[in-house]
2 protein chains.
Amino acid sequence: MKKKISDSSIHRLSLYFRALSLFEMENYETVSSKELAKHEKLTPAQIRKDLSSFGSFGTRGLGYPVHELKNKIASILGIDRSWRVALVGIGNIGSALVSYKEFMKHGFQIIKLFDNDQRKIGSNHKGIIVSDIKNIQQELKESNIQIVIISVPATVAQNIVDDVVEAGVKAILNFAPINLRVPDDVILRNENMSMELEYLSFNLVNYSQEDDIEEV
Amino acid sequence: MKKKISDSSIHRLSLYFRALSLFEMENYETVSSKELAKHEKLTPAQIRKDLSSFGSFGTRGLGYPVHELKNKIASILGIDRSWRVALVGIGNIGSALVSYKEFMKHGFQIIKLFDNDQRKIGSNHKGIIVSDIKNIQQELKESNIQIVIISVPATVAQNIVDDVVEAGVKAILNFAPINLRVPDDVILRNENMSMELEYLSFNLVNYSQEDDIEEV
DNA sequence: CCATTCATGTGAATAGCTTCACAAGTAAAT
DNA sequence: ATTTACTTGTGAAGCTATTCACATGAATGG
C-alpha cells in the first residue's frame, strides 16, 4: 500500500524543485537540508521527512546532490514530461495564462483553447486557434487532453466541467470562484486569487502592530 | 490574549462568505452548518468550530442567519471596507489582475499601477495611468497604499519588495515564482499558479486508477 | 589513523487540526 | 403542555503533521 503524501508535502516538493533549480544555476554540487530550509523558510527536519518518504537521496555529512535530486523531484511531481493542457475561457485571466511562461517551463503545454464568444472563436492566441466550446468533448478527446484549466465565469463553470469530465479528463484546475462537483476519480484544484488577498486583509485587521499593545 | 486563528481556518472563512452570498441571493433566511458543509464539501463540525472562535452567531435548532453571518464574516475578514491596492508589473498576469472583478467585489481597489517599461509608463489601464517604478516609494506613500500586488519577473521581485517595505506597506501578494524576504511585521503571501498544476501532475502520475490495481 | 565536523534518516515526542458526541436550546406540531 | 425534530457550541478524543533528538555514516585535517 502506497503511503499517502499530504497536500502540503506535495506543495513543498514544488518549492524544493524551484530552489534546486536555482542552486543548480549557481553551480552547487550538493545542498544540505539546512541550506534548503533557509532558502525556503522551512525547517531542515521537514525537508528531510518530506524527501525520505520517496527514498534516500542524500549523503550523510554532505547533503543532497543538487542536479540528481532536482531530477528525482521532477520525476516524482511528474514534471519531467510534457502534459497536454486545454484552457477554457479566453477572458482576462485565460488570456494571461496562455502566455504564462512558468506553465511551459514545467511541462504544461496549453495546446487547445475554448470559448463560447463568436468574436473569439477562430481567433489566434499564441499560435492556437480558439475552438467553439460546443465541440469541447470531441476536441478534448481528439487532442488527448490530460489537464483542463477553467477560467470562465462562475455561472457557467459547472456545465463546462461536466462536459470535461464526460470527455474523460481526470485533472482540472479551476479559476472560477465556485465549488465545482466532480466524480471521485477526477482531481479538482481551485485557484482562488481573492482568497489570498482576503488572508492579507484579515491579518491587517486582526493582527496589525497597533492591536498587539492592547493584548493581555 | 487573542486566540491564534489557523491559516486554513481563515481560508475557509472566505469560502463561507462566498457560500453565504449565494444563499443570500437565493433568499435563504437561515442556513445550517450541515447545509453549508454540503455546499463547500466540508464537515458541519468544522464550520461550527471555525465560526465559534469568533463568537456565537447561530441559533440552536435553526441554524445561522444568512445575511447577518455574511456581514459578520465580511467584518472578520476585513472585506467590509475598501482597501487601497497597488499593482507592480503590467505584464500578462498584471494586466489580467487589473481587470479582475473578484478583487473589486471584495473591496480590493487597485488604484496605482507601476512598471519599468517606458512603453507602458504613462499608458492607461482601466482608467489608471501607469507610473514609473522609480517613483514607487513616494507614490505609494502619497496614495496611502495598504496592499501591493507583485507581478514582475522573479529576478527583479526582491528589489521591488524592498522598496515597497521601505515605503511602509505591510501586506504583499506575490505572483513571482520566488521566495521573497520581508521583515516580520510585513505579511507576505505567495500565489503560485504552477504549484496547483504540479499538484495535479503529481496525482495523475502517482494515484491514477491504473496504479490502484497494483497496490498490495 | 584518529578525532572532529557535518548532515542524513527516522523513531519518538510534540503540537496542531479535525471530528466526535452530547448537553442545551429552539421551533413546530399535536 | 408535551413530544418530536433540529441544530448549535464545545470539551474530549482522534488523527495528522511537524519538530526533536540521536544513532549512523561520510569527509576532512592533522
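Quick note on labels: first sequence line is chain A, next is B, and so on, each numbered from 1.
Following rounding to the nearest Å, A/Lys38 (NZ) and C/dA7 (P) show an atom-to-atom distance of 13 Å. To the nearest angstrom, P of D/dG9 lies 17 Å from NZ of B/Lys34. The CZ-C1' distance, from B/Phe57 to D/dT7, rounds to 17 Å in whole Å.
Phosphate proximity of D/dT7 to B/Ser33: absent, as no side-chain N or O sits under 4.0 Å from OP1 or OP2. In this model, the phosphate group of C/dC6 is not approached by any side-chain N or O of A/Tyr64 to a distance below 4.0 Å at OP1 or OP2.
With hydrogens and angles ignored, the 3.5 Å screen pairs a side-chain donor or acceptor of A/Ser201 with a backbone N or O of B/Leu77. No side-chain donor-acceptor contact under 3.5 Å links B/Ser14 to the backbone of A/Glu198.
We find that B/Glu35 and B/Lys38 are not joined by a salt bridge, their nearest charged nitrogen and carboxylate oxygen being 4.0 Å or further apart. Ionic pairing of B/Arg189 and B/Asp7 is present here: one or more N-O contacts between side-chain nitrogen and carboxylate oxygen are shorter than 4.0 angstrom.
Between its two ends, the helix from C/dC1-D/dG30 to C/dT30-D/dA1 turns its axis by 10°, counting five pairs per end and rounding to 10 degrees.
Between B/Phe54 and A/Phe202, the ring-plane angle classifies as perpendicular under the 30° and 60° cut-offs. Between A/Phe103 and A/Phe108, the two ring planes are perpendicular [angle over 60°; tilted spans 30° to 60°].
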Atom pairs, N/O to N/O, protein against nucleotides 28-30 of chain D, distance under 3.5 Å?
none

Can you name the atoms? Protein N/O to nucleotides 17-21 of chain D N/O, anything below 3.5 Å, with the distance.
| residue | atom | partner | partner atom | Å |
| --- | --- | --- | --- | --- |
| D/dT18 | OP1 | A/Arg12 | NH1 | 3.1 |
| D/dT18 | OP1 | A/Gln46 | NE2 | 3.4 |
| D/dT18 | OP2 | A/Arg12 | NH2 | 3.0 |
| D/dT18 | OP2 | A/Gln46 | NE2 | 3.3 |
| D/dT18 | O5' | A/Gln46 | NE2 | 3.0 |
| D/dT19 | OP2 | A/Thr43 | OG1 | 2.8 |
| D/dT19 | O4 | A/Lys49 | NZ | 3.1 |
| D/dA21 | N6 | A/Arg48 | NH2 | 3.2 |

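The salt bridge (charged side-chain N to carboxylate O under 4.0 Å, His left out) search around B/Arg12 returns B/Asp50, not counting sequence neighbours.
For the 3.5 Å distance criterion, the side chains of B/His67 and B/Asn71 qualify, holding a donor opposite an acceptor. B/His11 and A/Glu196 are linked by a side-chain donor-acceptor pair at a separation below 3.5 angstrom, with hydrogens and angles left out of the test.
Both cation-pi conditions hold for A/Lys4 and B/Tyr207: the charged atom is under 6.0 angstrom from the six-membered ring centre and inside a 45 degree cone around its axis.
Between B/Phe23 and B/Lys70 there is no side-chain heavy-atom pair separated by less than 4.5 Å.
Each salt bridge (Lys or Arg N to Asp or Glu O under 4.0 Å) pair with one or both residues in residues 81-95 of chain A, not counting sequence neighbours, would appear here, but there are none.
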Subject >> Base-contact (B) and sugar-phosphate-only (S) positions in nucleotides 25-30 of chain C, heavy-atom cut-off under 4.0 Å, - elsewhere >> reply: BS----
